[in-house]
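FYI, side chains are in, hydrogens and waters are out, and symmetry mates aren't considered; it's all heavy atoms of this structure.
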Amino acid sequence: MAETNKHQQPHGPSWLLSPTMGSVYSEYLSSSKVREHYNYTKESPDTKDTPSRQVASALIILLCCAIVVENLLVLIAVARNSKFHSAMYLFLGNLAASDLLAGVAFIANTLLSGSVTLGLTPVQWFAREGSAFITLSASVFSLLAIAIERHVAIAKVKLYGSDKSCRMLLLIAASWLISLVLGGLPILGWNCLGDLEACSTVLPLYAKPYVLCVVTIFSVILSAIVALYIRIYCVVRSSQADVAAPQTLALLKTVTIVLGVFIFCWLPAFSILLLDYACPVRACPVLYQAHYFFAFATLNSLLNPVIYTWRSRDLRREVLRPLQCWRQAAGVQGRRDRTPGHHLLPLRSSSSLEKGMHMPTSPTFLEGNTMV
């Protein structure tokens, strides 16, 4: 009986069972654990770098580079112009920051996939997947913050003032802190290193209850956001003209489009994770194609900056301003190179480069003025 109890596996998340924590954490640096879990959850781990896989990886990396550049331009536009330092634009900037980091995380995930995967230690694998979960969590909480801000500003007819900037920054910081905790739970111990039967097929080192918990939290938050926007639309439609002004409706339409695109891009990935929880090991072959669903989800981070700049003429001008300055500077340099004695010509000042690029006095989302 004593021998039987010695080898009996404990039930429940290993991070909650203190007697086994030492043995679980001792496996974090094992070079064979990742291979063991992939062999258990997948019939034949497909990690060979075939030409088609290499082409797909290159395309994903190019896509992620575009994501980084786009969102970096949005962040620069919001940071450099004080007229964009209102609550709405700061929350959009926070969403752009999460999308930018998502692009970086997807690049790292792609480079550490394929034949590299089975050579990773568990702690490296947790860092690879956890970074993606952290940025996803930050995006969801950013959407929640935007919905709350719109509800406060429209339903309550109340705008953030300069004295509320501290509260706004605390809200952003809290969303990132919660995202770090939520994405870091597996590396802290809520994983399946001590129980292979509890492992996810899509994410072989993650425990199925953890995956279900994360998807449930995100689904509840997104449902709450949708409910908030429905309430806001009802308030706007039944309010006076100052609340239902064109700029109010235009901004509300913009953030609603952002929310709709997020749900459209991530719904297939959430569905595959829910199916992963319900399916026994090796019972659902579609789970082996989950990477296509997550690749589709990355389009969300690419489309968000397009939506911002398409809907706001002010933001579009500010986002394109660095590119226009670079293009004009390159044109000036080209003309100087083609001109005899160009080394005697003075350089044009930055003020001359910016001539004709006057910005509007206020960054609004007015239809017919700043909206397309």
Side-chain angles (χ1 to χ4, degrees), residues 70-102 134-183 217-218 220-222 224-229 231-233 235-236 239 242-243 245 247-259 261-262 300-301 304-305 307-309 311-312 314-315 318-319 359-366 370:
E70 283 184 348
N71 287 282
L72 182 61
L73 289 175
V74 172
L75 285 174
I76 293 174
V78 173
R80 67 180 292 179
N81 195 327
S82 60
K83 292 180 292 186
F84 291 105
H85 291 178
S86 63
M88 188 68 248
Y89 281 95
L90 288 180
F91 285 135
L92 287 178
N94 184 52
L95 182 59
S98 64
D99 286 334
L100 186 151
L101 293 177
I134 290 171
T135 56
L136 172 59
S137 301
S139 296
V140 173
F141 284 113
S142 295
L143 292 173
L144 178 61
I146 291 173
I148 294 174
E149 190 277 338
R150 285 294 84 200
H151 186 268
V152 170
I154 296 176
K156 301 297 183 181
V157 197
K158 180 180 179 182
L159 296 174
Y160 284 91
S162 58
D163 57 331
K164 303 293 181 65
S165 59
C166 181
R167 182 184 305 176
M168 188 169 50
L169 294 177
L170 285 176
L171 180 60
I172 293 175
S175 68
W176 279 100
L177 179 60
I178 297 174
S179 300
L180 286 171
V181 172
L182 193 60
I217 291 174
F218 292 163
V220 170
I221 292 176
L222 291 174
I225 295 173
V226 172
L228 276 176
Y229 280 126
R231 171 174 166 75
I232 291 172
Y233 270 108
V235 171
V236 169
S239 298
D242 57 341
V243 178
Q247 63 267 30
T248 302
L249 294 176
L251 179 55
L252 187 57
K253 186 183 298 183
T254 298
V255 294
T256 305
I257 293 174
V258 171
L259 174 64
V261 170
F262 181 91
N300 175 71
S301 298
N304 278 342
I307 296 172
Y308 310 150
T309 54
R311 295 291 301 172
S312 171
D314 293 335
L315 186 58
E318 191 67 21
V319 166
M359 292 292 294
T361 56
S362 61
T364 60
F365 283 81
L366 294 174
T370 60

Mind listing the closest non-hydrogen atom pair of L144 and I225 along with its distance? N-CD1, 3.5 Å

For F141 and N94, what are the C-alpha separation, side-chain angles and deciding distance, and is it a side chain to side chain contact (heavy atoms under 4.5 Å, CB included)? CA-CA 10 Å; F141 284 113; N94 184 52; over 6 Å; no

So do N300 and D99 actually touch side chain to side chain, heavy atoms under 4.5 Å? yes

Shortest non-hydrogen separation from S179 to A138 and the atoms involved: OG-N, 3.1 Å

To the nearest 0.5 Å, what is the distance between CG (N304) and OG (S142)? 10.0 Å

Quick check: closest heavy atoms across E70 and S301, and the distance to 0.1 Å? OE1-O, 4.5 Å

What do the steps show when you test V255 against F91 for side chain to side chain contact (heavy atoms under 4.5 Å, CB included), and what is the final call? CA-CA 11 Å; V255 294; F91 285 135; over 6 Å; no

Gap separating the CG atom of L182 from the CG atom of L177, nearest 0.5 angstrom: 11.0 Å

Could you check if a side-chain atom of V235 sits within less than 4.5 angstrom of a side-chain atom of H151, using non-hydrogen atoms only? no

Steps toward side chain to side chain contact (heavy atoms under 4.5 Å, CB included) verdict (L222, V226): CA-CA 6 Å; L222 291 174; V226 172; 5.6 Å; no

Value rounded to 0.5 Å, distance of OG in S175 from CG in L180: 9.5 Å

Taking all non-hydrogen atoms of both residues, which atom of I146 and which atom of L92 are closest, and how far apart? CD1-CD2, 3.8 Å

Output the distance between atom CD (E318) and atom CG (L315), rounded to the nearest 0.5 Å. 8.0 Å

Does the side chain to side chain contact (heavy atoms under 4.5 Å, CB included) test come out yes or no for V140 and F262, once each step is laid out? CA-CA 9 Å; V140 173; F262 181 91; 3.6 Å; yes

At what distance, to the nearest 0.5 angstrom, does OH of Y229 lie from NZ of K253? 14.5 Å

How close do A96 and Y308 get, counting heavy atoms only, and between which atoms? N-OH, 4.3 Å

Report the distance from atom CG of L228 to atom CD1 of I148, rounding to the nearest 0.5 Å. 7.0 Å

Student check: side-chain heavy atoms of L143 and V258 closer than 4.5 Å: yes

Write down the atom of P305, the atom of V74, and the distance for their closest heavy-atom approach. CB-CG2, 3.9 Å

